[in-house]
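Computation of the quantities below employed the complete heavy-atom set of this structure, encompassing side-chain atoms and omitting hydrogens, waters and symmetry-equivalent molecules.
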Amino acid sequence: MTETLRKPRARGRAAAAAEMAPEATMPAAEAPANPAENLKAEPAAKLPVPVPAAVNPVTGDTPEKRAAEAGFRRLDRTFHAMMGRAEGGISPISLGLAWADWAAHLSMSPGKQAELAWKSARKMQRLAAEVMCQAKGGNGDGSLCVQPLKQDRRFAGPEWMKFPFSLYSQSFLLAQQWWSNATTDIAGVEKKHEKLVEFYGRQFLDMLSPSNYLATNPQLIERTLEEKGQNLMRGAQYFMEDFQKRVTHSDDVTSAEFTPGQEVAATPGKVVFRNRLIELIQYAPTTGAVHATPLLIVPAWIMKYYILDLAPKDSLIKWLVAQGFSVFCISWKNPDEGDRDLGFDDYRKLGVMAAIDAISAITGAPKIHALGYCLGGTLTSVTAATMARDGDNRLASLTMLAAQVDFTEAGELSLFTNEDQLSLIEDMMWDEGYLDKTAMAGTFSMLKSKDLVWSKAVHEYMLGERESASELGAWSQDATRMPYRMHSEYLRHLFLDNDLAEGRMVSGGSHVFLQDIKIPVFAVATENDHIAPWNSVFKLTYLTGDGVTFALVSGGHNTGIVAPPGSPRSKYRLLEHVAGTPHPGAEEWAAGVAKVTGSWWEPWAEWLRKTGAAEEVTPPSLGNEALGYPQVCDAPGAYVMER
């Protein structure tokens, strides 16, 4: 439009100059008596009228207005992305609102303030009694002056029972207890704000623990005196090595001790299908006959699949193959900026459904067992509900490992899923096209900072002892990125809005309902899971439309799942809920069921045999080139090697 206006103005000035030039040289006698007549005879050239842009009669929108508003929004998002990276992906506004809510209500609660003062005085009396006990050389009955907390391993050594270190540890533990009292049970504070304030207060106190400092940690003092400071020199060297790796991003390289395809992810097989999102691995059988119903494993896209195929002795996949199952496993692509627009439904269609189609074609089996781990389980449950809605009955059963479908009690991870926090993460992802793996790793470390940050730092940088490398440790460092659209959708629809459990989830263009899943379900939860709390996973027992077998196993989110037969500490409790019978409460059931020593793998494998086809068949070929599923390459494939 600017060009249209400028050119006529140029032509108008040129025409006027051309008309005026002859008049300037014309003799006065020859000039017309009436200039108006000359204007009538020589009318001025008409300027073209610019065509106005399309205007919305209701809103007054124009393309220019929309472009300007989009530019303002880009400026906001760019600024937020820069701010998010500087703050480690944590929103200070969210935290500030929580603190303001807590502080305002505490300031208006004189009863709570009096209670906190009273409890503080009692704790001071307890500390004074401990000091007096130490001064006397102990209690008269021979008992310890200090009773350490069983769940806190930082002060478990006998050195912490002696003065003044007992005073340091007890002061700290009592301060922790007081802070917990100060941040809870205040009338009027939103529950999420209360949890957020308590969580960050605990993070701050963990940083101040006397176990973290040389002058207040008796074990560090003793080691330093024994080694004449050599432990501190080694620790400083380890710190510089780790700092250099972090700055140069050389920590992205997989540990040479545990390379996929060699020490881990080494179960023989072939990649029989590949698209832009997945590689499908089919594992070579080791038995003369296999169960007629094949098994598909769907890991979470935020981690590499070989958590289920670690060293041979700990590999669930290898163990299943040895049990006579035809095993297939999805290996997700590590997304980059080109995958920014892949959404949750793309992962269902290009991931789980594409794998099911391939397995059906390769094996010819009418039914397939499906297993989902962590968020892979959530995705698989959405797929199962979609298939049930559409009349696709190819699933024989559904196994959910540490996987949630209801996110109202998703543990401390839900503290990072409010509107303010998600908007910040979305702007960070919008800028790069994905969420970098370090952001998720930092969040998970914060959830267990006492063990994963401070205790680790003391052990390596002050005691000067490197933790020995392990398969699980190497896997945990081999993290992945999350594409912008997918990560935003699952955080909003699942964690923030709980759409799946409440019937608002849309898949394939229509709503899906968990109650439509009318196939047997086996759900596994772990007792010490800080990502998928077991009582949250337990809700599967009453949210689906058929019977559910629920296993509560010892261990954490990963260690409880990777628990092969023969593991010395493995225990489990089993619930077999029949559809149509009353549902037990989670806590009541757990309190009334005895733990069984052993691995949950064995009862689950027996359950698979019962829910699948009874007969055994000749192992299917690896791939089927005639049907479009050739052998692409050897397992573990190419996607698992991407960094």
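Between atom NE2 of residue His511 and atom CG of residue Asp499 there is a gap of 8.0 Å, rounded to the nearest 0.5 Å. Distance NZ/Lys571 to CG/Leu552: 13.0 Å, rounded to 0.5 Å.
Ion pairing of Arg573 with Glu527 is present here, as a side-chain N (NZ or NE/NH1/NH2) and a carboxylate O approach within less than 4.0 Å. A salt bridge is defined here as a Lys NZ or Arg NE, NH1 or NH2 lying under 4.0 Å from an Asp or Glu carboxylate O, and Arg504 with Glu502 meets this definition. The residues Glu279 and Lys333 are annotated as not salt-bridged, no charged nitrogen and carboxylate oxygen being separated by less than 4.0 angstrom. The pair Arg485-Asp341 does not meet the salt-bridge criterion, since no charged nitrogen lies less than 4.0 angstrom from a carboxylate oxygen. With respect to the salt-bridge test (charged N to carboxylate O, under 4.0 angstrom), the residues Lys349 and Asp357 do not qualify.
Aromatic ring centroids of Phe407 and Phe495 lie under 6.0 Å apart. Trp332 has its ring centre less than 6.0 Å from the ring centre of Tyr347. Taking the centre of each ring, Phe550 and Trp589 come in below the 6.0 Å mark. With ring centers used as reference points, His493 lies 6.0 Å or more from Tyr490. Two rings, from Trp601 and Trp604, have their centers 6.0 Å or more apart.
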Take Asp478 and Arg643 through the test salt bridge (Lys or Arg N to Asp or Glu O under 4.0 Å) and record every step on the way to the result. CA-CA 8 Å; Asp478 192 9; Arg643 300 292 175 263; 3.4 Å; yes

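Without hydrogens or angle criteria, Ser536 side chain to Asp406 main chain gives a donor-acceptor distance under 3.5 Å.
Here the closest non-hydrogen pair linking Tyr639 and Leu277 is CE1-C, 3.9 Å.
Taking the ring pair (Phe, Tyr, Trp, His ring centres under 6.0 Å) definition, one finds that His557 meets it with Tyr373, sequence neighbours left out. The salt bridge (charged side-chain N to carboxylate O under 4.0 Å, His left out) test applied to Glu602 returns no partner, not counting sequence neighbours.
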